[in-house]
Structure formats: structure tokens, C-alpha cells
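Just so you know, these numbers use all the heavy atoms, side chains as well, and skip hydrogens, waters and symmetry mates. Per chain, numbering begins at 1; letters A, B, ... match sequence-line order.
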There are 2 protein chains.
Amino acid sequence: MSDAEQTRQKILAVAAEEIHQHGFQATSLSTILNRCGISKGALYYHFTNKLELGYAVFEENYIPVFLGTWQPALSQNDPIEGLCEFFTSMCNSMVCNEAVCGCPLNNLCEEMANVDEGFRLRILSMQEKLNALIVESLERVQGDLRDNLVFSQVAYFIVATFHGATSLTKSSRNKELFQQVITELCLYIRALKK
Amino acid sequence: MSDAEQTRQKILAVAAEEIHQHGFQATSLSTILNRCGISKGALYYHFTNKLELGYAVFEENYIPVFLGTWQPALSQNDPIEGLCEFFTSMCNSMVCNEAVCGCPLNNLCEEMANVDEGFRLRILSMQEKLNALIVESLERVQGDLRDNLVFSQVAYFIVATFHGATSLTKSSRNKELFQQVITELCLYIRALKK
DNA sequence: CTTGCAACAGACCAATCGGTTTGTTATTGT
DNA sequence: ACAATAACAAACCGATTGGTCTGTTGCAAG
């Protein structure tokens, strides 16, 4: 990796952290510069403005990480159990920082969806992709599931509940609350089976 | 109502709107001043600083409205149907502005819970109150419900899903998505009965 | 009649914001 | 050897932020 590409990646990584912790609008470019040990010239050489930096963080960091965490769970032989194990292990491995900062995608959705159209469309596209993934995996084991299920509806329900759980955790700073919602969610998911 | 109290209420009302639409941090005091047609001196006569204004909005506007919308649903003879009708009517009556701006409480939770402890504790207290309300109403009709239900867990689950649904609606700007999650949530809630 | 305070008005302030511009350095092709 | 460009450094800029300070006005009590 070239020097230039290295600084670009460094910027992306630091910006991703800052945006995750403080939100996009509250993230200060000068903080990023300080943490990276670079100048403003460097940043504006690699990114045309703050918004484009935000988009780059979203596409090059958040999306891959997001898909990388959901995909394996859904490609299990039994996606129902895959999801439940995924959620449960997330409960157990969750460190304080994650609990407090929430899901980067959901954070951006809450903050930027009605502020900037570019963010909104990117978030929407990601959510639709995740929904499609879940629907796919449910269809794959359709035979084991109850009749009359509306897969897309079920998929959105699962994601909504998950994101709601992270929101609850932010205010309570209590892993147990997250765990409770997840436990109930797993009960719901397993009840999808015949 | 005295003149002074009137301006105070005006400030609170306008601030509540601005915070709902743009979040607390992105809300500009000068915007509030302009919309109210008052000076900075007036605002700082009634509130010591921006944070205290935010707290006042939360306690004097958001909390009463929030409780005022959930309470009636839960005090129905049949809280299960009360909740479902509450959610469904919210789907139908939801105008674009509400869909885009989301729930004020959840917004503040996402934005401020890990930024300011004062906000976090107020939000937490409100969430616990709502949870207690739901638990109460479930206990009231305990006889009609399935055994082995953990009421508090169920209550948090319902609220989490509801808030997750509003988040989904923000990015999609699609009432139907909200409706789908709510439909599935009502299925879940009704399935709590024997 | 005047003194005092509640209820503001509005100029002013330092700090910070995102963004621009100019300058410098190291490398590379010719 | 030289010109060109990539990859920055850093001073600078206008706008805006939350917050302060000094006035000013109207009413009410003494």
C-alpha cells in the first residue's frame, strides 16, 4: 500500500471511530486531523469535503463491517439458529464501548436520514440489502417454517427490534436490558419454525 | 398567564419543534430567537444555558406528550387490544413530518444518551416509567395471558420494536414499512394471549 | 415622585466550524 | 538537469456557535 493510500485509510479509520462515537455532524475535522497527525491539506487532498468523507466512511468501512457480521449468521445451514446464536454471542461479547455507541448504521440513520439525502439513500440501500439477505435465508428453509409468514415483514421486524434494543442499551448502559430484548427476540425467531 | 410565562412557553414550544426536527446539538439558539421574535437576552433570562433549555423541553413538553399518548392505550380494559389499536391508529394518522422526524424521546436517546449524563438519566427514567406502565397493564390481565411470560422483558421488547420501526421509517420515508413492522408487532402482542 | 426590579433588547465576545489558498517537498518521467 | 506532479503543511478566511454584558423599558411599591 502506497504512503498516500495509507494516510487515506488512516483518515477513514479515525473518521469512522469519531463518527461512531459522536455522530457525523458533531464530528470535528480538526479532531480527525489531530488524531491522524496530519494537516488540513492532507485531508482535503483525499476528500473533497466533509460530506464526501462521511460517504466514504459509510461505504468503505461501515458497509463491509455490517455485512461481515450479519452474513455468516444468515448463511448457516439453519439461519434461524444462526441468527439466535449471532444475537446471543453479541450479547456476551459486547463491551461497554459498543453498548454505549450503538450500531453505526442505525446511528447514522437516526441522525442523517432526514438531514442529507445522500446519506439517506445509502442507508436505505443497505437496509434493503440486509432485508433481502434475511428473506433469502428464510426462503431457503421455508419448509421448516410456519405457513402464512410474510418473510419481508418478518425480516424488517427482526432488524427493527435489534436496532431498538441497541437504542435501549444506550440510555440504560445496561447489557442486561439488551440481553432481555434479544432473549425475547430469539423466542420470537425460533417460534417461526413449525 | 403572565407575559413572562407566555414567552417562556413560546420558547419551549419552538425549541421542542426545532430539537425534534434537527436534534439537540444541531438546534441553533439564533433560529429559536428568530422564530420566537425575541432577543438573546430574553432567552437567557428564562434559561441559564442551552442544556437547561433542553432539559426543560424534555420535562415540560416531551414527557407529558409521551405519557399522554401511551397511557390511554394501556388503561383500556383490554391493554393488548389497546396497544394494537394504538399502534394501528398511529400508522394511519401518521403524516409525513412525523414519519421523517421520528419519536422525540428515541431521537434524544440516540443522540444524547452518550453525550450528556443529564439527558441520559432523564431518558432512562422515562423509559423505565413506560416499562412499568406496560408491565402493570399486563399484570392486570395476567389471567388471559400465556404462562412463563417475563413481563418486563416483553415490555422492553415491544418498546424496542416500536422505536426500531420509527428508525426504519426515517430512511425509507415509507409509511408501509412502518406498517409492516407494526403489523408483525401486533401479531406478536396478540399471541401473548392464551 | 422616585426607586427598584422584572423582563427583556441587542451589541459584543472568544472559540470553533468547514473550507480555501498558497507554499513546500520528494519523486518521477524526459 | 529540469519540469511536472503527487502529497502534503499550514496560514488564513468568513460564518456561526453558545454565552456575556450593558442598556433600556414598563410597572409597582413606598
- Query: For A/R190, what residues pass the salt bridge (charged side-chain N to carboxylate O under 4.0 Å, His left out) criterion, not counting sequence neighbours?
  - Reply: A/E81
- Item | Heavy-atom donor-acceptor pair, A/N114 side chain to B/V100 backbone, under 3.5 Å | yes
- Query: Do A/R146 side-chain atoms and A/A191 backbone N/O form a donor-acceptor pair below 3.5 Å?
  - Reply: yes
- Within residues 3-12 of chain B or reaching into it, pairs that qualify as side chain to side chain donor-acceptor pair (under 3.5 Å) - sequence neighbours excluded: B/E5-B/Q9, B/T7-B/H46, B/R8-B/E60
- Message: With the threshold set at under 4.0 Å for non-hydrogen atoms, list the residues of residues 21-33 of chain B touching DNA chain D in residue-number order.
- Response: B/T27, B/S28, B/L29, B/S30
- Nucleic acid contacts - residues 36-56 of chain B versus DNA chain D, non-hydrogen atoms under 4.0 Å: B/K40, B/Y44, B/N49, B/K50
- Message: Tell me whether B/K50 forms a cation-pi arrangement with B/Y44, defined as NZ or CZ under 6.0 Å from the six-membered ring centre and within 45 degrees of its axis.
- Response: no
- Heavy atoms from other residues, nucleotides or ligands near CD of B/Q71 exceed 12 (cutoff 6.0 Å): yes
- For atom CG of A/N92, is the number of surrounding heavy atoms from other residues, nucleotides or ligands below 6.0 Å larger than 12? yes
- Same hydrophobic cluster for A/L187 and A/L177, using side-chain heavy-atom links shorter than 4.5 Å among ILVMFWY? no
- Message: In this structure, how many angstroms lie between the C1' atom of C/dC8 and the CD atom of B/E5, rounded?
- Response: 15 Å
- Query: Salt bridge or not for A/K193 and A/D78, using N-O below 4.0 Å?
  - Reply: yes
- Message: According to side chain to side chain donor-acceptor pair (under 3.5 Å), who are the partners of A/S171, at least two apart in sequence or on a separate chain?
- Response: B/Q127
- Note on the structure: So the contacted stretch of DNA chain D, first to last nucleotide with an atom under 4.0 Å from a non-hydrogen atom of chain B, runs from D/dT17 to D/dT20
